[in-house]
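Report on the following structure.
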Amino acid sequence: MSDLDTFRAEVREWMASHLTGKFAELKFRGGSGEGDALPELRKEWERELAAGRWTCPGWPREHGGRGLSVAEQVAFQEEYSRAGGPGRMGHIGEGLMGPTLIAFGTEEQKKRFLPGILNGTEFWCQGYSEPSAGSDFGNIKTRAKLDPVSGDWIVSGQKVWTSLAHLSDWIFVVARCEEGSVGRNGLIFLLMPLAQSGVEIHPIKQIGGGAEFNSVFFDDARANARDVVGQPGDGWKIAMALLGFERGISTLGQQMSFQQELDLIVEISKENGSDRSPAIRQRVAYAWTGLRAMRYLAMRVLSDDQSAETRREALTYKYQWSNWHRDLGRLAMDVLKMDANVVSHDPRRERLQQMFLFARADTIYGGTNEIQLNIIAEQGLGMPREPRGKL
Amino acid sequence: MSDLDTFRAEVREWMASHLTGKFAELKFRGGSGEGDALPELRKEWERELAAGRWTCPGWPREHGGRGLSVAEQVAFQEEYSRAGGPGRMGHIGEGLMGPTLIAFGTEEQKKRFLPGILNGTEFWCQGYSEPSAGSDFGNIKTRAKLDPVSGDWIVSGQKVWTSLAHLSDWIFVVARCEEGSVGRNGLIFLLMPLAQSGVEIHPIKQIGGGAEFNSVFFDDARANARDVVGQPGDGWKIAMALLGFERGISTLGQQMSFQQELDLIVEISKENGSDRSPAIRQRVAYAWTGLRAMRYLAMRVLSDDQSAETRREALTYKYQWSNWHRDLGRLAMDVLKMDANVVSHDPRRERLQQMFLFARADTIYGGTNEIQLNIIAEQGLGMPREPRGKL
Amino acid sequence: MIIEFTPDQQMIREEAQRFLREQSSSEATRRVVDAGASHDVGLWNSISHELGWCAMAIPEEFGGLGLGATEVAMLMELTGARLACVPFWSTVCLAAPLIEAAGSEDAKTRYLGAIAAGEIAATVAFGDLSVADPLAVTSVKAVKSAGGYVLTGKVAQVIDLAVADLVIVPAKLDNGAIALFTLERDAGQVIVPLKVLDGTRPIASLELAGVAVSAAQRVDAGGLTAAAAQSALAFANLGLAAEQLGAAQGALDVTLAYIAERVQFGRTIASFQAIKHRCAELVVGIAEARSLVFGAAASLGEADADESALEISGARVLASDLQFRAAEEAIQLHGGVGFTWEYDPHLYFKRAQASAALLGARDAHLDSIAASVFGDGGQK
Amino acid sequence: MIIEFTPDQQMIREEAQRFLREQSSSEATRRVVDAGASHDVGLWNSISHELGWCAMAIPEEFGGLGLGATEVAMLMELTGARLACVPFWSTVCLAAPLIEAAGSEDAKTRYLGAIAAGEIAATVAFGDLSVADPLAVTSVKAVKSAGGYVLTGKVAQVIDLAVADLVIVPAKLDNGAIALFTLERDAGQVIVPLKVLDGTRPIASLELAGVAVSAAQRVDAGGLTAAAAQSALAFANLGLAAEQLGAAQGALDVTLAYIAERVQFGRTIASFQAIKHRCAELVVGIAEARSLVFGAAASLGEADADESALEISGARVLASDLQFRAAEEAIQLHGGVGFTWEYDPHLYFKRAQASAALLGARDAHLDSIAASVFGDGGQK
């Protein structure tokens with residue numbers, strides 16, 4: 001047995017012995033469309049993971065991680081998903097905030113914030129999008145004014161599509177700190193506690209009835225002077241670096257969950273006779289093919305292959321998985337036929353219905369299909385850029 | 001039996017008794033991809049039609065036509081196609097040039113040109129497109145200079161995609177007659193004989209091996225002073241009116257020919273077992289559905305229905321039929337399987353192969369798919385116009 | 001045949017459009033959806049009582065206006081565009097045509113009269129809503145008794161059941177034939193409203209645990225014939241296709257309005273060519289579907305019944321594809337707000353999925369067409 | 001498993017790319033097509049003799065380089081991109097793997113050695129090129145005779161037959177088993193080159209009117225096993241998928257070059273967003289297909305053979321769809337010149353249609369995958 005197989009066995013064993021008892025209820029929960037499900041129990045699960053040192057396993061050892069290799073991280077994600085590990089409440093802290101602080105934070109910031117992430121006791125959310133900006137990320141209107149007395153920053157404005165803000169403790173915010181600056185200039189990257197007057201959180205009810213996303217309103221809210229990451233004006237640089245930290249290792253765990261959804265579809269189709277439809281069979285086979293292709297694309301991207309093809313094709317990954325998932329949702333409903341429309345307590349059907357609905361968000365958040373295609377054409381193929389308008 | 005049924009019977013009878021003997025060879029020929037097939041015999045067939053007064057049946061009686069109603073013209077087209085009537089060499093003269101002259105020509109022009117069209121003795125082609133203009137019709141570079149002595153116009157430039165120029169006698173040309181004018185202004189509409197020094201015709205070999213299209217080069221070629229339609233400067237207006245004359249009556253004949261192609265596909269699939277493929281069956285059914293929808297759309301457009309919906313949806317007709325036909329070509333090849341690739345003397349297979357290849361031109365000439373979608377979005381939905389560049 | 005609306009039809013259409021624009025707003029639909037209500041009571045009253053839409057296609061001898069499929073398709077298209085929460089389709093396109101095709105003279109006089117007068121909403125308890133021939137699939141059994149029959153069985157999903165004053169129940173007799181029975185409210189049936197994703201069209205289950213009905217409640221004229229079933233289903237599918245077409249147009253209209261205003265990168269979203277082309281492609285799909293729906297409506301009753309059934313199957317295929325595509329584009333082109341509860345796209349989207357599966361999904365309809373085009377009665 | 005090319009593989013790839021860019025031009029392809037020739041003689045000489053590409057995947061014991069599927073897929077991709085007119089696929093992906101999988105030791109030594117040395121071009125006379133399991137379909141019969149066998153039958157289409165120095169003929173024995181026979185040039189077979197739409201890949205028919213062959217010409221080691229057939233077909237399909245992927249990339253490259261220069265409405269065509277998005281969607285398709293082709297290549301021989309066969313079927317589906325789409329977009333985006341003989345799109349387009357039907361069209365490969373995913377061995 002290779003080292004990796006041993007490691008996999010260890011993860012499997014840990015999951016089998018811990019995702020049980022009161023945590024058994026969490027199996028396969030908290031995924032697409034129900035990121036806000038069972039929040040208290042899932043936070044407890046984060047602490048359970050922490051106790052086993054399974055939070056942040058890819059972080060360097062000196063910062064409290066296990067320093068796992070890429071292959072080990074992939075194996076962990078896969079085994080976690082295979083065992084039905086629930087959607088991770090700590091994902092933003094572990095995958096985005098932590099690595100950003102490790103790269104750009106002060107020693108004091110690391111000391112203050114990393115433990116809460118590692119221990120599963122402090123949860124983070126992301127304050128990037130704004131109502132008028134949409135895909136136009138440079139168009140940020142939230143303002144941060146320096147309080148000359150305290151050195152603190154006073155923040156006013158609105159962030160939107162803030163995932164799980166209502167269940168989080170801290171938010172990182174990109175705001176405009178230089179009066180009159182435009183686009184990518186004059187931005188600041190701030191860490192702010194959510195529990196303060198001046199911050200209001202309004203959940204946004206979404207297509208499937210859940211409310212994973214929020215609008216967050218800042219009205220003279222305060223960020224402590226020591227909670228600036230980098231220098232004022234560095235906001236764009238830090239924000240972009242943060243997005244780059246998610247190197248796609250979690251995508252293989254995501255694919256495992258896609259595989260489970262596809263398996264469910266096959267299972268149900270065999271029960272209700274949809275497997276006799278040649279068109280359904282071909283669509284299932286096509287979905288299988290697409291998933292396998294994504295698996296190998298992810299493996300190419302995770303390698304160190306710096307060929308022009310791999311760099312270009314890496315740009316297509318978001319578009320691929322989100323559209324694949326969207327189509328899978330429709331396939332699931334077509335397999336369910338009229339049952340697709342009826343809410344029942346069959347957890348398999350519920351999972352597929354939520355997936356069907358929420359997959360509609362997949363092709364929008366984190367860069368819409370249209371933005372993805374622009375990026376592929378412009379950065380991947382060097383085609384002319386879309387001109388900015390003057391409205 | 002209604003009058004229309006009587007009329008249909010008359011056409012059927014005439015076709016059955018005339019598309020025979022030496023003309024039998026023409027059945028179902030001269031269609032997609034072989035507009036240049038058997039030209040001499042097809043010209044003779046035009047004279048045969050003329051002798052039966054079946055050229056230009058929709059023209060007013062005072063100009064030599066039969067003054068048929070729309071419903072009768074439709075019936076004629078359908079019966080003509082059903083009988084296997086060959087592609088019409090006289091189409092441009094009958095459908096475009098004649099009606100334009102009737103509307104805008106001088107009495108002298110009508111007297112000189114209409115008889116040749118009616119009798120099937122003079123054939124016309126269309127000089128609109130230019131190599132650098134493509135879809136950008138306003139960007140015409142062919143120049144017409146007034147010869148102050150004779151009053152004639154001296155024409156230089158190049159037209160391209162001129163269908164059947166090498167088999168025609170006359171060409172109508174849109175040229176720039178005002179030095180320095182741009183876009184739609186300063187154009188002239190000229191009638192020019194092709195048999196003159198100063199005109200060179202180069203056939204363009206196309207995807208299926210035929211050469212229906214030509215490049216026509218003008219090098220100080222001459223248009224007689226009396227052969228201007230409208231006034232110098234009216235070129236755009238006349239050219240657009242001409243395009244509008246093709247009211248779509250011929251589309252129902254075209255649909256009959258589409259139906260024959262679909263029938264052939266069904267016939268062959270039953271012979272070679274493709275009819276056992278569920279996917280092929282569904283594609284055939286889908287093609288049947290699309291054709292039926294086009295049939296009713298054409299009937300809506302041919303009616304006097306001036307509702308906003310019908311006017312908007314009329315804009316989609318070209319896009320619909322050309323893409324439907326393109327897809328039919330692929331279906332035909334998929335039904336033929338490996339035989340699709342091999343040239344044989346089976347006329348059914350040959351017809352489908354030529355159709356498959358030439359249908360690729362359908363979505364390009366007469367306004368590309370991309371131009372059609374722009375028109376639908378801009379004129380049909382009132383969406384913003386594409387900005388012109390400055391290259 | 002030239003397809004155009006007569007001046008009378010145009011007038012009906014314009015007035016219906018004006019009425020619905022005022023009375024069947026997005027807010028009205030949301031009130032019904034958010035409350036989990038069975039229908040919009042005020043809107044249904046206006047439609048059935050005041051405007052007399054239910055009388056449109058019912059023969060004059062039974063108190064109707066004696067107009068045809070074209071008028072009904074027009075109204076279905078317009079109610080579809082507004083996602084109007086009314087039992088119009090079930091009453092006018094399911095129940096009435098079934099009674100007209102298969103009912104006894106008594107039944108026609110009684111029920112078609114009541115429908116034409118706007119007095120009742122009605123529906124049909126098909127054995128399986130998801131198949132193309134739902135009248136052939138029934139698990140309800142009717143056993144002859146002294147005074148009539150006893151009905152036993154369960155029907156998983158019946159459209160508009162909770163609001164219907166009358167439900168027609170196809171049931172299997174001892175000899176295997178299908179008979180039609182009517183149940184008015186509280187006649188012993190058990191109705192359980194179901195929680196559905198598409199809240200704009202309510203569904204309930206029907207349970208008949210040995211419900212005794214009188215002989216008069218059997219309304220078919222000597223058993224349901226194949227021709228009668230085909231005729232009723234043609235109307236049901238035509239109405240549904242028209243409604244789906246309308247919902248597609250409605251989703252596109254909502255989207256066009258949004259993207260004409262929403263600015264990104266200093267331009268309206270509507271100014272991006274890729275977006276323009278996608279909207280134009282929806283117009284192409286609408287043109288196809290509308291032509292086939294109204295072409296089939298104009299031919300219905302004139303052309304051969306089998307030919308009409310194929311055209312209507314084709315219309316369902318085009319309309320189902322189109323409705324889903326228009327709804328998914330509505331979500332996508334709305335961007336971030338597209339998947340929120342607050343904006344309308346999700347209503348169109350859920351309706352699209354639910355409608356596509358009704359009375360045969362696209363593949364089933366394509367199979368019927370293929371069986372006819374290949375002349376082999378179905379795949380070998 | 002991490003998928004990336006080793007430095008050696010990258011070097012092979014770059015050198016092959018450079019070589020083909022110089023030697024396998026559009027003009028070179030057109031010369032073969034316009035002349036109706038069987039192949040590009042000079043190019044094939046370079047590839048087989050000088051560059052030793054045919055030796056790539058042949059085991060070292062038979063004179064090859066002992067490299068694997070990845071190297072062959074790389075070369076297939078690149079020859080596909082240039083529409084190189086050489087019998088490379090037939091020799092390296094049809095004939096060699098079949099001999100390697102099913103041949104006797106003698107046959108391997110003799111024929112694999114000759115292929116590795118670049119001495120011969122070879123092909124296989126499959127009974128039906130359009131099915132997914134062409135080794136199971138054979139109408140050629142082999143009857144035992146005094147000195148060996150007599151072969152009788154007709155094969156409608158054999159790829160690269162006219163140029164091949166060696167053709168492997170699967171034939172049915174009296175007992176129903178399939179045996180493999182080799183025929184060198186002028187061994188009594190009748191070869192008729194066919195006129196094909198896709199002039200970049202020649203096809204001929206093969207007629208065997210009682211051709212006597214020696215026992216030594218039977219090259220299988222005791223009958224063709226299912227495992228051997230699967231192994232040979234996996235290689236054939238993988239190579240074809242790689243070639244199709246390459247042709248798609250080639251069509252896109254040609255198109256990008258054209259639209260970057262062509263001006264309409266005062267802008268390059270490449271500046272229109274709808275065009276950009278369509279090109280980007282081709283990149284998405286290329287990314288999918290390339291990942292699956294090279295992922296399957298990397299797994300081949302390591303993963304379970306059935307699993308590999310499914311991946312390769314999937315690669316054929318993606319590559320066939322992609323190749324057609326890229327070719328039709330090439331025509332469309334070239335506008336008026338797109339359907340002329342003078343520009344390259346039609347060459348890519350005809351190749352796409354011809355390749356899609358080879359060794360099983362998309363639906364057949366999807367059916368195989370479905371049979372496995374549903375675990376029911378095919379549709380009930």
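The chains referred to below are lettered A, B, ... by the order of the sequence lines, with proteins before strands, and numbering in each begins at 1.
Expressed to the nearest 0.5 Å, how far CH2 of A:W288 lies from CG of D:L310 amounts to 4.5 Å. How far CZ of D:R13 is from OG of A:S307: 7.0 Å, rounded to the nearest 0.5 Å. Rounding to the nearest 0.5 angstrom, the gap separating the CD atom in A:E267 from the CZ atom in D:F374 is 12.0 Å. The line from CD of A:E313 to CD of D:E288 is 10.5 Å long, rounded to the nearest 0.5 Å. In this structure, A:R292 CZ and D:I369 CD1 are separated by 9.5 Å, a value rounded to the nearest 0.5 Å.
The most heavy-atom pairs under 4.5 Å with chain A, out of D:T268, D:L252, D:L256, D:V317, come from D:L256. Chain A forms more heavy-atom pairs under 4.5 Å with one residue of D:A260, D:G375, D:A270 than with any other, namely D:A270. Chain D forms more heavy-atom pairs under 4.5 Å with one residue of A:T316, A:T289, A:L373 than with any other, namely A:L373. Contact count against chain D (heavy-atom pairs under 4.5 Å) is highest for A:I376 among A:I280, A:L315, A:I376, A:T310.
The shortest heavy-atom contact between A:A285 and D:A370 is CB-N, 3.8 Å. Taking all atoms of both residues into account, the shortest heavy-atom contact from D:A280 to A:A377 is CB-N, 4.1 Å. The shortest non-hydrogen separation linking D:S291 to A:A293 is CB-O, 3.5 Å. Considering every non-hydrogen atom in both D:S299 and A:Y296, the closest pair reads OG-OH, 2.8 Å.
Geometrically, A:R300 does not engage D:F294 in a cation-pi contact, judged by NZ or CZ lying under 6.0 Å from the ring centre and within 45° of the ring axis.
Ion pairing between a basic and an acidic side chain is recognised when a charged N comes within 4.0 Å of a carboxylate O; D:D376 and A:R276 show no such pairing.
Contacts between D:I286 and chain A at a heavy-atom distance below 4.5 Å involve backbone atoms as well as side-chain atoms. Looking at A:L297, both its backbone and its side chain come within 4.5 Å of chain D, counting heavy atoms on both sides. With a 4.5 Å cut-off on non-hydrogen atoms, A:Y319 touches chain D through its side chain but not through its backbone. Only the backbone of A:R385 comes within contact range of chain D, judged by heavy atoms closer than 4.5 Å. Contact annotation for D:R362: only side-chain heavy atoms (C-beta onward) come within less than 4.5 Å of a heavy atom of chain A. Of the two parts of A:S269, only the side chain, counted from C-beta on, holds a non-hydrogen atom closer than 4.5 Å to a non-hydrogen atom of chain D. Looking at D:E281, both its backbone and its side chain come within 4.5 Å of chain A, counting heavy atoms on both sides. Neither the backbone nor the side chain of D:D253 comes within less than 4.5 Å of any heavy atom in chain A. Of the atoms belonging to D:A289, not a single heavy atom falls under 4.5 Å from chain A.
Taking the side chain as every heavy atom from C-beta outward, A:M383 and D:C279 approach each other to under 4.5 Å. Contact annotation: the side chain of A:Q320 approaches that of D:V284 to within less than 4.5 Å [non-hydrogen atoms, C-beta and beyond]. Side chains of A:R281 and D:D367 form no contact here, defined as non-hydrogen atoms less than 4.5 Å apart.
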Evaluate the criterion salt bridge (charged side-chain N to carboxylate O under 4.0 Å, His left out) for residue pair A:E370 and D:K276; output intermediate values, then yes/no. CA-CA 10 Å; A:E370 293 71 28; D:K276 288 165 59 182; over 6 Å; no
After noting the C-alpha distance and the side-chain angles of D:E311 and A:R295, does the key distance pass the salt bridge (charged side-chain N to carboxylate O under 4.0 Å, His left out) rule? CA-CA 12 Å; D:E311 289 187 348; A:R295 182 170 170 76; over 6 Å; no
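Between D:H277 and A:N374, the side chains place a donor N or O and an acceptor N or O closer than 3.5 Å (distance only, hydrogens not considered).
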